[in-house]
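Right, one structure below, let's go through it.
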Amino acid sequence: MAKAYDFKAIEKKWQEIWDDVQCFKAETGSEKPKAYYLIEFPYPSGQGLHVGHPRPYTALDIVSRMKRMQGHNVLFPIGWDAFGLPTENYAIKTGIHPAIITKNNIEHFKQQLKSLGYSFDWSREVNTTDPGYYKWTQWIFLQLFKAGLAYKKEFPINFCTSCKVGLANEEVVNGVCERCGGEVIRKTKNQWMLKITEYAQRLLDDLDNVNFIERVKTQQSNWIGRSEGADVDFHLNGHNDALSVYTTRPDTMFGATYMVISPEHPFVDKYKDYIKNFEEVNAYRAATEKKSDFERTEMAKDKTGVKLEGLNAVNPANNKIIPIYISDYVLMSYGTGAIMAVPGHDERDWDFAKAFNLPIIEVVKGGDVAVGAYTDCEKGVLVNSGMLNGLSVDEAIAKMIAWLEEKNLGKKRVNFKLRDWVFSRQRYWGEPIPLVYCEKCGWVPIDESELPLLLPHTDNFIPTESGESPLANLKDWINTTCPKCGGAAERETDTMPQWAGSSWYFIRYIDPDNDEAMASDEAMNYWMPVDWYNGGMEHTTLHLLYSRFWHKFLYDKGYVNTSEPYAKRTSHGMILGENNEKMSKSRGNVINPDEIVLEYGADTLRTYEMFIGDFEKAAPWSMNGVKGVKRFLDRVYRMQEFVAGGDEYSQDMMTAMHKAIQKVTYDYENLKANTAIATLMSLVNDFYNKNQINKAEIKTFLMLLNPSAPHITEEIWKNLGFKGYLHNAPWPKYDEAKLIDDVIQIPVQINGKLRGVIDADKDATQEEIKQIIIENKNISAFLEGKTVVKEIYVPGKIYTIVVK
RNA sequence: GCCGGAGUGGCGGAAUCGGCAGACGCUCAGGACUUAAAAUCCUGUGGGAGCAUUCUCGUGCGGGUUCAAGUCCCGCCUCCGGCACCA
């Protein structure tokens with residue numbers, strides 16, 4: 001009688017052994033084929049590990065462990081994305097310095113991750129708050145700055161009134177702060193911006209060259225939001241000046257009956273002396289300014305606006321004089337901040353025209369513009385449009401653009417929804433921006449030899465009331481000399497956003513201690529690109545796009561050797577509470593992974609998280625499901641009690657074993673560990689039914705289960721006296737010829753209905769099978785008195801007879 | 001509104017190329033062991049009919065293709081995710 005399954009002792013023991021023998025270290029330059037698997041490094045929050053974390057980690061740990069057994073040199077690294085708001089907010093609340101909080105949180109996370117037995121190469125651990133790390137984050141920023149891709153701009157930004165910090169558009173979700181849920185208002189700030197828009201086309205095009213799951217590609221391409229159209233000049237009547245608009249429908253220009261410009265448009269001030277109702281216009285402008293983007297876009301679908309009395313434009317298509325309005329439905333941040341309004345064929349313009357009683361002209365036939373805008377580009381035919389009459393929409397667009405370009409009135413243009421990346425944070429806990437401002441020289445980068453520019457220590461890390469960074473209070477630190485002219489200069493007090501450190505961490509993993517470069521060429525050539533990156537859908541439009549942008553920039557400058565950082569991207573579903581709702585403290589449905597490890601063990605937690613369901617979909621937690629997996633591992637452990645000798649699989653298990661190897665191998669590699677585990681559970685049921693498992697069978701079984709439940713399998717491996725460590729045993733192989741039983745079951749259908757299942761030799765001919773069917777009275781009864789019309793035999797699968 | 005994804009037992013889910021729908025697990029019911037309970041083991045578990053060999057219906061809804069449809073085609077419905085006054 002073997003001893004009971006003492007998972008606590010077993011797991012502790014094997015984690016120590018793995019640490020001692022350093023078996024998961026990746027070797028740069030190894031002869032073995034390389035495999036770089038990446039999970040999103042965690043933000044070490046005060047809450048500790050969530051049961052959501054182990055789902056993707058375990059999935060790629062399984063692949064890593066299997067690939068090592070298959071002879072690959074696997075890099076499976078881990079690190080900490082440790083700068084950022086939650087830590088800083090907690091520091092402000094408690095008065096504890098963020099550096100200390102970060103250190104403690106990392107320690108806690110590390111201990112938790114270690115308890116789960118992941119095969120991380122801990123010697124390559126990175127930490128974005130480590131000066132040795134952020135030296136290179138700053139260095140990359142300097143390269144961007146030197147390349148003219150970083151610029152400072154007065155910009156109305158989203159400002160969280162609770163965090164007192166500027167947010168990127170991506171961080172505002174449904175009008176509130178993504179992190180704290182606080183109210184977001186518009187505030188003009190002088191911000192550092194990164195020109196990601198210069199890479200928009202390439203970020204879109206190169207999606208064709210990478211193996212990303214479809215929904216990631218679509219979301220990225222939606223976010224980039226490419227459109228084709230034209231910039232068109234509308235001359236101001238009586239002025240030697242033109243209002244430039246962007247339109248995707250130049251074909252409808254003859255239907256443009258008025259123009260609308262954004263309240264922030266510079267023409268409002270430029271022509272204020274000509275605008276007779278400037279007071280009214282200004283009042284509208286002031287009212288708009290007070291609104292948040294949320295109020296402007298989500299709340300107010302009703303059209304408002306003011307006519308600019310005394311200022312008119314000329315429609316270049318027909319030379320008609322048309323009025324100009326300001327309205328908040330036109331956004332300064334898209335296109336040119338001005339539009340030509342075609343109420344007949346644009347719903348927003350139609351609504352506005354109705355509200356202000358403006359003329360609506362039909363220029364594309366097919367609908368009824370009295371009832372609503374007609375926007376079908378497929379079927380419409382141009383009317384009331386001079387030279388365009390009779391053309392389809394596509395033909396008219398081409399002809400109009402050609403005409404505009406010829407007359408020098410406009411130009412074809414591609415436009416993107418993607419906007420430049422707001423890179424400044426008025427916060428303490430981030431990488432200092434390594435620039436100084438000199439009255440004489442302007443913004444000057446500090447010398448690269450000065451990097452890292454250390455984040456100065458201060459106990460006053462509370463944001464200032466004006467919304468400046470706490471660094472603004474540190475006069476000694478701010479005051480410096482200009483690297484260019486030697487005169488007095490001041491340091492930038494904004495810090496970088498959390499997205500900075502995570503935009504390149506996968507590069508640092510390949511050579512984490514290099515002080516001369518982000519990583520050596522040798523490491524770069526050996527490891528890049530990342531073969532497989534798994535992460536959450538919530539990072540599809542932010543982190544993934546930003547890091548692809550940085551990587552492309554570094555590639556252009558020759559600092560990295562691939563134009564895309566990640567060859568493959570997959571995504572995991574969320575783990576929900578038992579009540580099918582998102583896990584949260586307030587809902588009281590949070591499961592703590594530590595408690596599961598304590599009560600059931602790490603192997604149970606890992607295996608359960610894989611067994612919970614389809615990896616890509618959200619799945620509710622089930623404590624009974626956890627118990628079911630624990631029961632399975634108990635049964636595995638007890639199999640030791642009936643192990644028999646045998647160097648070969650026993651005859652009755654031959655097919656099942658080979659099939660299991662095939663299926664489990666395929667499943668692990670394709671994020672289908674749930675069915676791999678189901679297969680292994682079936683095997684265990686078979687062994688229990690026989691009350692026996694032989695040495696050859698349990699050897700293979702342990703190897704197959706090892707990636708998912710590494711501790712228990714190593715332990716049994718050793719108990720049974722098998723050689724060496726299981727984690728570097730060679731992955732089992734299956735024999736194609738042994739995937740089919742000698743005797744197979746063939747279902748027999750008559751007129752599409754299943755009438756029986758017969759046993760036949762696996763190589764039996766159709767005639768032989770037919771004979772067996774005729775001899776089977778239950779089945780042949782259905783053939784009596786009927787004429788056989790058709791017979792189909794799909795070898796090994798099904799036998800179908802059609803009768804009349 | 002636009003773009004993706006998905007609808008299968010009481011539940012999580014499986015069915016990899018059009019070939020036995022419901023693997024595996026949970027739940028539940030019955031039984032064994034036990035003084036008893038827990039644990040463990042065994043049996044059953046989509047609906048309906050029947051003592052039963054069995055028959056019949058069944059993968060969101062309505063059609064279609066096929067010897068054969070969860071899977072392919074056409075038309076809908078619902079849910080989830082992303083984007084959205086983007087000109």
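In this text the structure is predicted, and so the values were computed from the model without any measurement. In what follows, chains are A, B, ... by sequence order, proteins preceding strands, each numbered from 1.
- Side-chain atoms of A:D328 and A:T288 form no donor-acceptor pair, as typed in the model, at a separation below 3.5 Å.
- The nucleotide whose nearest atom lies closest to any side-chain atom of A:D614 is, among B:G13, B:C86, B:U56, B:G13.
- Comparing atom distances between the A:Y666 side chain and each of B:U16, B:C42, B:G25 picks out B:U16 as nearest.
- Nucleotides B:U66 and B:A14 place their C1' atoms 25 Å apart, quoted to the nearest Å.
- Between A:H539 and A:E40, the side chains place a donor N or O and an acceptor N or O closer than 3.5 Å (distance only, hydrogens not considered).
- Regarding the sugar-base torsion, B:G9 falls in the syn class, its angle being within 90° of 0.
- To the nearest angstrom, P of B:A84 lies 19 Å from CG of A:D351.
- Base-pair partner of B:U34: not found among the strands shown (Watson-Crick or G-U wobble, both distances under 3.5 Å).
- Annotation: A:E581, atom CD; neighbour count of heavy atoms from other residues, nucleotides and ligands within 6.0 Å is above 12.
- Cation-pi geometry between A:R755 and A:F782 is met: the NZ or CZ atom falls under 6.0 Å from the ring centre, inside 45° of the normal.
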- A:T607 and A:S708: CA distance, side-chain angles, deciding distance, side-chain hydrogen bond (donor to acceptor under 3.5 Å, both in side chains) verdict: CA-CA 6 Å; A:T607 305; A:S708 178; 3.1 Å; yes

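- For A:R348 and B:C86, the shortest distance from a side-chain N or O to OP1 or OP2 is below 4.0 Å.
- Distance noted for atom P between B:G46 and B:G10: 10 Å (whole Å).
- Atom CG in A:D346 sits about 13 Å away from atom C1' in B:A84, given to the nearest Å.
- If you check B:A49 for Watson-Crick or wobble pairing at under 3.5 angstrom, you find it paired to B:U54.
- Atom CD of A:E538 and atom P of B:G4 are 22 Å apart (whole Å).
- Atoms CD (A:Q219) and P (B:C2) sit 18 Å apart, rounded to a whole Å.
- Checked against B:A15, B:C41, B:A87, the side chain of A:R638 finds its nearest nucleotide in B:C41.
- Taking every side-chain heavy atom of A:S682 into account, B:C24 is the closest of B:A87, B:G12, B:C24.
- Side-chain atoms of A:R635 lie closest to B:C42 of the nucleotides B:G82, B:C42, B:C86.
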Close N/O contacts between protein and nucleotides 18-21 of chain B (under 3.5 Å):
residue, atom, partner, partner atom, Å
B:G19, N2, A:Q749, OE1, 3.4
B:G19, N2, A:T800, OG1, 3.0

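- OP1 or OP2 of B:U16 has not a single side-chain nitrogen or oxygen of A:T675 nearer than 4.0 Å.
- Straight-line distance between the C1' atoms of B:U27 and B:G22: roughly 16 Å, to the nearest whole Å.
- Using a 4.0 Å heavy-atom criterion, one finds that A:N685 contacts the sugar-phosphate atoms exclusively.
- Contact annotation for A:G628: backbone-only contact, meaning every heavy-atom pair under 4.0 Å involves sugar-phosphate atoms and none involves a base.
- Residues A:A760 and A:I772 come closest through the heavy atom pair CB-CD1, 4.0 Å.
- Nucleotides B:U45 and B:A23 are separated by 15 Å at their C1' atoms, to the nearest Å.
- As rounded to whole Å, 20 Å separates atom P of B:G25 from atom CD of A:E578.
- Nearest-nucleotide mapping onto RNA chain B: of A:A678 and A:M340, the residue sitting toward the 5' end is A:A678.
- Closest to the side chain of A:T247, from the set B:C55, B:A87, B:A6, is B:A87.
- Nucleic acid contact for A:Y258: none, since no nucleic acid atom lies under 4.0 Å from a heavy atom of the residue.
- Across every strand in view, B:C2 sits in a pair with B:G82 that passes the Watson-Crick or G-U test at under 3.5 angstrom.
- For a distance-only test at 3.5 Å, the side chain of A:K663 qualifies as a donor-acceptor partner of the base of B:U16.
- Within 4.0 Å (heavy atoms only), A:N674 reaches sugar-phosphate atoms of the nucleic acid but no base atom.
- Distance check on atom P: B:A87 versus B:C72 gives 33 Å, rounded to whole Å.
- Counting all heavy atoms, side chain and backbone alike, A:T336 lies closest to A:Y246 at OG1-N, 3.7 Å.
- Pair check for B:C26 finds B:G10; Watson-Crick or G-U wobble, both atom distances under 3.5 Å.
- Residue side chain A:K627 does not reach the base of B:C26 through any donor-acceptor N/O pair under 3.5 Å, judged by distance alone.
- Across all strands shown, nothing is found opposite B:C20 as a Watson-Crick or G-U wobble partner with both distances under 3.5 Å.
- Closest to the A:M681 side chain, of the nucleotides B:G13, B:G25, B:A23, is B:G25.
- Distance from the side chain of A:Y334 is smallest to B:A87 among B:C85, B:G12, B:A87.
- Nucleotide B:U66 forms a pair with no other nucleotide shown, judged by Watson-Crick or G-U wobble geometry with both contacts under 3.5 Å.
- Of all nucleotides listed (B:C85, B:C42, B:C67), B:C42 comes nearest to the side chain of A:N689.
- In this structure, a donor-acceptor pair under 3.5 Å is absent between the side chains of A:Y734 and A:T665.
- Nucleic acid contact class of A:R215 (heavy atoms, under 4.0 Å, all strands): sugar-phosphate only.
- Counting only N and O atoms by type, the side chains of A:T675 and A:D667 include a donor and acceptor under 3.5 Å apart.
- If you take atom P in B:G48 and the same atom in B:C42, they sit 28 Å apart, rounded to whole Å.
- As judged by a 4.0 angstrom heavy-atom cut-off over every strand, A:A618 is placed among residues touching the sugar-phosphate backbone only.
- The residue A:R755 sits close only to the backbone: its heavy atoms come under 4.0 Å of sugar-phosphate atoms, none of a base.
- Around the NZ atom of A:K690, the shell of radius 6.0 Å holds more than 12 heavy atoms that belong to other residues, nucleotides or ligands.
- A syn orientation is assigned to B:C17, its glycosidic angle lying within 90° of 0.
- In this entry the distance linking CG of A:D328 with P of B:A87 reads 18 Å, nearest Å.
- Distances from the side chain of A:F611 to the nucleotides B:C24, B:C67, B:A87 place B:C24 closest.
- Residue A:N222 is in base contact, counting any heavy-atom pair closer than 4.0 Å across all strands shown.
- In this entry the distance linking CE of A:M610 with P of B:G12 reads 19 Å, nearest Å.
- Nucleotides B:A6 and B:G70, compared at atom C1', are 13 Å apart to the nearest Å.
- Separating the C1' atom of B:G19 from that of B:C74 is a span of 24 Å, rounded to the nearest Å.
- Within the 4.0 angstrom heavy-atom criterion, no nucleotide atom of any strand lies near A:S333.
- Taking a 6.0 Å sphere around NZ of A:K217, one finds it holds more than 12 heavy atoms contributed by other residues, nucleotides or ligands.
- In this structure, CG of A:L705 is placed 14 Å from C1' of B:C24, rounded to the nearest angstrom.
- Donor-acceptor pairing under 3.5 Å is recorded for the side chains of A:N685 and A:R635.
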